[in-house]
Amino acid sequence: MAKKFYITTAIDYANGSPHLGHAYEKVLTDVLARYRRLQGDEVHFVTGLDEHGQKVQMSARKAGLEPQAICDQVAVEFQGLCQRLEISNDDYIRTTEARHKKVVQSVLQDLYDRGEIYKAEYAGFYSQRQEQFVTEKEKVDGEWPEIYGEVEEVIETNYFFKLAQHQDWLVDTIENNEAFIYPRFRSADVLQFLKEPLNDLCISRPRERLQWGIELPFDSEYVTYVWFDALVNYITAAGYGTDAYADHWPADFHVIGKDILVPPHAVYWPIMLHALGLELPRHFLVHGWWLSSGAKMSKSTGAVVNPLDLIEQHGADAFRYFVTREMNVGQDSEFSLERFTARYNSDLANDLGNLLSRLLNMGGRYTEGRVPAATIDEAPEQELKQLWESTAKELIPLYDGFQYHRALETIFSFLSGINRYAETRAPWKLAKSEDPADRAALETSLACMAEALRLSVVLLTPVMPTISEKVRALIGDEALTGLDGQLDWGDRLEGKTLGEKTILFPRPERSAG
RNA sequence: GCCAGGGUAGCUCAGUGGUAGAGCAGAGGACUCAUAAGCCUUUGGUCGGCAGUUCAAAUCUGCCCCUUGGCACCA
């Protein structure tokens with residue numbers, strides 16, 4: 001069996017509710033996953049939930065619940081988000097699952113046996129109130145803020161993972177693999193970090209301080225902490241220790257936010273894998289953040305808008321389109337309701353939705369609800385086909401280079417070209433003529449509009465899967481299963497039945513006041 | 001402080017040496033198949049600032065300013 005295209009998001013931390021950032025990462029990953037499926041890859045797409053740790057334990061205690069109960073609630077929320085967004089993940093991993101505990105313990109034991117883990121004393125400043133270690137960085141004006149309460153220096157024995165001995169290897173690996181981290185400039189952050197000597201990584205917490213974690217296999221007085229729990233999910237979900245593993249690992253892409261590249265994903269994780277003798281993931285796709293999500297958009301309406309409400313208000317596809325169109329992968333982007341509305345109305349409703357609407361309507365009125373044959377090929381047709389040719393040429397490289405915002409821009413610029421073509425041919429005028437030449441032009445124009453629309457939605461499909469399928473059905477096309485030949489201008493729609501006139505993206509009612 | 005990303009029309013962005021671009025928003029017009037949509041025309045920029053290299057710089061170099069991140073046990 002051929003290796004699958006294995007792609008992951010970061011797993012979300014269970015101590016909080018989903019927000020725009022979570023939604024975006026899932027959409028971004030899903031777009032890539034769906035694109036690869038169209039390219040013919042067998043895809044294994046995993047997302048999940050990181051459930052252990054101090055914060056979850058404390059939240060549970062505050063709520064008077066068992067930690068697992070809290071996690072179960074949060075898991076429902078996050079999985080619900082995936083459904084709402086029509087994320088096509090093949091697996092959802094939760095770090096409290098038995099399959100994961102087993103892998104974490106096996107990996108820890110393995111490293112312990114190899115001498116990569118040792119026990120040592122760790123001295124630090126501990127905040128009793130927050131039940132966590134604090135560092136000099138947390139100090140404000142030379143004092144720890146009030147929220148930490150009394151901070152005392154304590155010495156604690158813990159287990160450490162040897163990072164330093166792999167440092168040179170890691171620097172080499174990153175320097176010699178330019179495609180390892182996208183965008184490339186992020187590699188510089190990692191290499192800068194690696195200019196300083198690495199300290200070993202503390203991977204345990206004593207059980208009396210933290211119960212909510214996976215027990216160290218070689219010392220039941222401790223649980224493992226954070227990274228050995230969270231990062232290992234990627235190989236758990238790949239089926240580490242089972243036959244499935246070879247079909248999945250190495251991951252083709254870990255899609256993550258820029259905040260967790262250095263040091264966890266670009267330093268700890270590669271070293272963990274290297275120490276275990278496992279292959280590294282092939283690429284990291286590092287995205288930026290949505291800024292001002294919340295406060296800023298309340299200005300005009302006076303009401304705070306939760307970006308995730310837009311999914312229900314305007315559909316998953318519209319939401320997916322917006323975040324994909326607006327975000328230049330790797331950079332940050334500004335979220336505002338105004339921008340969402342502008343995209344929705346201008347691009348989706350006016351350009352795409354209305355184009356389909358006028359085609360279906362004219363097909364019903366002039367050609368008995370069928371896609372007619374294109375019988376002539378004159379300047380307007382040739383121009384439109386040329387425009388498509390140059391559009392198609394750009395799309396694959398843009399998709400391959402994660403330039404989704406520009407790919408969408410290009411597609412919508414072609415859609416605009418179809419609208420322009422319609423004005424040039426003006427089938428509604430031709431319909432009033434008895435001249436056979438006008439009749440031929442009328443039929444040709446509707447055929448060309450339908451074909452051009454079909455071509456437009458092919459590479460809209462990864463971003464707007466439902467809408468794209470809907471468009472295909474309405475113009476008499478079959479469901480899309482691959483890219484093969486789909487981007488070539490042809491006459492496959494000839495004679496196909498057009499659907500009833502449909503409003504794809506209804507204009508929202510203008511709310512009074 | 002050091003490193004990196006961004007700073008181009010009101011907004012979002014494209015544009016890496018050769019007379020400043022797109023979409024949206026604004027203004028005007030013709031049309032009517034269509035979701036008061038679409039189409040045509042148009043207003044609008046000392047390309048963050050200063051200096052330098054060059055016949056020529058948004059594009060190369062230096063310094064500065066604004067902004068977003070990274071800079072070891074922090075999720």
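A, B, ... follow the sequence lines: proteins, then strands. Residue 1 opens every chain. Model, not experiment: these values are computed from the prediction.
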Practice prompt. Tell me what A:W289 touches on the nucleic acid: a base, only sugar-phosphate, or nothing, going by heavy atoms under 4.0 Å.
Written response: sugar-phosphate
Item to complete: Can you sort out the partners of A:E394 under side-chain hydrogen bond (donor to acceptor under 3.5 Å, both in side chains), two or more places apart, ordered by chain and number?
Response: none
When you compare the protein's N or O atoms with those of nucleotides 10-14 of chain B, which come within less than 3.5 Å of each other, and at what distance?
{"unit_1": "B:C11", "atom_1": "O2'", "unit_2": "A:R339", "atom_2": "NH1", "d": "2.9"}
{"unit_1": "B:U12", "atom_1": "O4'", "unit_2": "A:R339", "atom_2": "NH1", "d": "3.2"}
{"unit_1": "B:U12", "atom_1": "O4'", "unit_2": "A:R339", "atom_2": "NH2", "d": "3.3"}
{"unit_1": "B:A14", "atom_1": "OP1", "unit_2": "A:N328", "atom_2": "ND2", "d": "3.2"}

Worksheet item: Looking at B:G6, does its base get a donor-acceptor pair with the side chain of A:Q331 below 3.5 Å?
Response: no
Item to complete: Measure up the A:Y122 and A:F160 rings against each other and bin them: parallel (under 30°), tilted (30 to 60°), perpendicular (over 60°).
Response: tilted
Item to complete: Select base, sugar-phosphate, or nothing to describe what A:L504 touches, counting heavy atoms under 4.0 Å on all strands.
Response: base
Item to complete: For A:H22, enumerate each residue passing the ring pair (Phe, Tyr, Trp, His ring centres under 6.0 Å) test, keeping only those at least two apart in sequence or located in another chain.
Response: A:H19, A:F78
Worksheet, complete the sentence: A:W212 meets the ring pair (Phe, Tyr, Trp, His ring centres under 6.0 Å) criterion, sequence neighbours left out, with A:H52
Fill in: Of all pairs that satisfy salt bridge (Lys or Arg N to Asp or Glu O under 4.0 Å), the ones with a partner from residues 350-363 of chain A, not counting sequence neighbours
A:R358-A:E423
Discussion item. Closest-nucleotide mapping onto RNA chain B: is A:G353 or A:G330 further toward the 5' terminus? I mean the 5' end.
Written reply: A:G330
Worksheet entry | With A:R439 via side-chain hydrogen bond (donor to acceptor under 3.5 Å, both in side chains) - residues at least two apart | A:E443
Worksheet item: Is A:P263 touching bases, backbone alone, or none of the nucleic acid, heavy atoms closer than 4.0 Å?
Response: base
Item to complete: With sequence neighbours excluded, tell me which residues meet side-chain hydrogen bond (donor to acceptor under 3.5 Å, both in side chains) with A:D219.
Response: A:Y159
Discussion item. Quick check on RNA chain B: between A:A188 and A:F505, whose nearest nucleotide comes earlier from the 5' end?
Written reply: A:A188
Worksheet item: Which of the following nucleotides, B:G5, B:U35, B:G69, is nearest to the side chain of A:F185?
Response: B:G5
Are any protein N/O atoms closer than 3.5 Å to N/O atoms in nucleotides 38-43 of chain B? If there are, list each pair with its distance.
{"unit_1": "B:G38", "atom_1": "OP1", "unit_2": "A:N350", "atom_2": "ND2", "d": "3.4"}
{"unit_1": "B:G38", "atom_1": "O2'", "unit_2": "A:R358", "atom_2": "NH1", "d": "2.9"}
{"unit_1": "B:G38", "atom_1": "O2'", "unit_2": "A:E423", "atom_2": "OE2", "d": "3.3"}
{"unit_1": "B:G38", "atom_1": "N2", "unit_2": "A:E423", "atom_2": "OE1", "d": "3.2"}
{"unit_1": "B:G38", "atom_1": "N3", "unit_2": "A:E423", "atom_2": "OE2", "d": "3.3"}
{"unit_1": "B:C39", "atom_1": "OP1", "unit_2": "A:S416", "atom_2": "OG", "d": "3.2"}

Discussion item. Over all strands shown, is A:Y225 touching base, sugar-phosphate only, or nothing at heavy-atom distances under 4.0 angstrom?
Written reply: sugar-phosphate
Practice prompt. Could you list the residues that satisfy side-chain hydrogen bond (donor to acceptor under 3.5 Å, both in side chains) with A:Y182, not counting sequence neighbours?
Written response: A:Q403
